[in-house]
Amino acid sequence: MTDVPSDPRRHRAARHAPPAGDPAVSPAPRRPLTVDRITDAALQVVATEGYDALTIRRVAAVLGTGPSSLYAHIVNKDDIDDLLVGRLCAQVVLPEPDPATWRTQILDVYAQIRDQYLAYPGVSRAALGMVPTNLAALRVREGLFAILRAGGIEPRTAAWALDALSLYVSAYALEQSLVRQRREHPDDEWVVGRDELLSRFAALPAETFPHTRRHAAELTSGSGHDRFEFTLGLMLGNLG
């Protein structure tokens with residue numbers, strides 16, 4: 001009786017491998033499929049086509065194989081999302097927690113995460129609604145938690161603050177990616193710049209929109225990153 005492998009996914013490639021032929025006439029061996037190669041291909045899809053284009057079938061096509069080949073290494077699309085977030089988190093540099101500068105440290109780490117997300121349009125969607133299990137992502141969460149604890153924040157407050165901060169950073173990066181995507185389609189008439197917004201606000205009926213007309217400059221002021229730092233500072237300022 002033939003032994004059954006304990007993990008069918010792990011041994012699928014071996015079970016379906018063609019018999020060995022004459023080395024002199026055999027084609028050059030393919031590069032082995034690995035989790036790292038799958039992650040590389042997924043990032044390539046997101047970087048060139050956007051997160052909406054990311055599917056197991058599309059990743060397999062980039063790798064020159066069929067979707068079934070990927071299931072020897074991943075479970076499903078959510079597994080790819082976890083790998084993507086982990087790969088981006090691996091690039092984040094964590095400081096040694098400093099009680100004197102903990103707010104600045106938190107801002108710096110989240111700015112790094114923001115920039116990693118922005119490099120791959122829409123990829124922050126992979127982090128929304130997901131509890132990270134990748135060790136690289138957990139490393140960053142551990143580092144952020146340690147910084148908050150160094151700042152004297154109680155454990156539960158620190159945990160909940162991390163959820164709120166991480167949610168905002170992911171949502172911010174997603175919004176920026178959407179804005180960038182829409183700006184690439186100038187025919188979309190509803191996508192307007194600041195000058196156009198000021199003009200439209202100025203044309204509003206004064207009796208209905210007195211504050212919008214009077215404070216149009218303030219309502220449209222600041223770059224995206226200015227507001228990013230303001231919002232995180234606002235959230236951190238209420239922690240202690």
Side-chain angles (χ1 to χ4, degrees), residues 46-55 81 84-85 88 92 101-132 140-141 144 147-148 151 153-154 156-240:
V46 176
T48 57
E49 305 172 42
Y51 181 79
D52 286 339
L54 183 64
T55 64
D81 286 345
L84 289 179
V85 173
L88 298 181
V92 174
T101 61
W102 67 273
R103 287 187 178 88
T104 301
Q105 289 183 327
I106 290 287
L107 282 169
D108 175 70
V109 173
Y110 273 119
Q112 291 183 62
I113 297 172
R114 173 202 67 196
D115 292 344
Q116 288 293 323
Y117 287 160
L118 291 178
Y120 298 93
V123 76
S124 62
R125 281 172 55 187
L128 291 169
M130 179 186 73
V131 177
V140 170
R141 194 166 186 84
L144 287 165
I147 294 171
L148 289 175
I153 310 304
E154 293 299 318
R156 190 178 75 167
T157 301
W160 289 14
L162 283 183
D163 284 345
L165 289 162
S166 298
L167 178 62
Y168 172 74
V169 173
S170 295
Y172 172 86
L174 178 57
E175 181 186 50
Q176 292 296 306
S177 296
L178 291 173
V179 170
R180 184 190 311 172
Q181 182 182 34
R182 288 163 180 163
R183 283 175 177 166
E184 293 174 356
H185 301 281
D187 293 337
D188 291 346
E189 295 181 356
W190 63 275
V191 180
V192 298
R194 183 170 187 262
D195 291 343
E196 177 65 19
L197 277 177
L198 287 170
S199 176
R200 293 187 183 189
F201 288 167
L204 291 171
E207 65 276 9
T208 307
F209 302 97
H211 295 290
T212 301
R213 281 177 56 110
R214 185 177 303 119
H215 302 293
E218 290 79 9
L219 288 169
T220 60
S221 64
S223 68
H225 285 5
D226 290 336
R227 292 182 176 225
F228 176 89
E229 293 179 3
F230 170 82
T231 303
L232 261 64
L234 195 66
M235 297 169 76
L236 292 170
N238 286 311
L239 289 180

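Basis for what follows: all heavy atoms, side chains included, without hydrogens, waters or symmetry-related copies.
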| field | Smallest separation among heavy atoms of V123 and Y117, with atom names | value | CG1-O, 3.6 Å
| query | Do R214 side-chain atoms and A206 backbone N/O form a donor-acceptor pair below 3.5 Å? | reply | no
| Nearest non-hydrogen partners of S170 and L128, listed with the distance | CB-CD2, 3.6 Å
| task | Taking R213 for its side chain and L204 for its backbone only, find out whether a donor-acceptor pair lies under 3.5 Å. | result | yes
| note | To the nearest 0.5 Å, atom CD of E49 lies from atom OG1 of T55 at 9.0 Å
| request: Say whether, by atom type as modelled, one donor and one acceptor occur between the side chain of S177 and the main chain of G122 under 3.5 angstrom. | output: yes
| remark: Rounded to the nearest 0.5 angstrom, the CD-CD1 distance for Q105 and I147 is 5.0 Å
| query | Taking the side chain as C-beta and beyond, is there a heavy-atom pair between Y120 and L54 under 4.5 Å? | reply | no
| Checking T212 side chain against F201 main chain: does a donor-acceptor pair fall under 3.5 Å? | no
| field | Heavy-atom closest pair, residues F228 and Y168 | value | CA-OH, 3.5 Å
| said: Show the nearest heavy-atom pair for residues E229 and L107, with the distance to one decimal. | reply: O-CD2, 4.2 Å
| remark: Rounded to the nearest 0.5 Å, the CG atom of L148 sits from the CZ atom of R103 at a distance of 10.0 Å
| request: Compare all side-chain heavy atoms of L88 with those of I113 and state whether any distance is below 4.5 angstrom. | output: no
| Distance from S221 atom OG to L198 atom CG, nearest 0.5 Å? | 10.0 Å
| What's the spacing between Y110 OH and L165 CG if we round to 0.5 Å? | 5.0 Å
| task | Considering non-hydrogen atoms only, spot the tightest contact between A158 and I153 and give its length. | result | N-CG2, 3.6 Å
| query | Looking only at heavy atoms, which two atoms of L118 and H225 are closest? And how far apart? | reply | CD1-CE1, 3.7 Å
| remark: Output for pair (L178 CG, L174 CG), nearest 0.5 Å, gives 4.5 Å
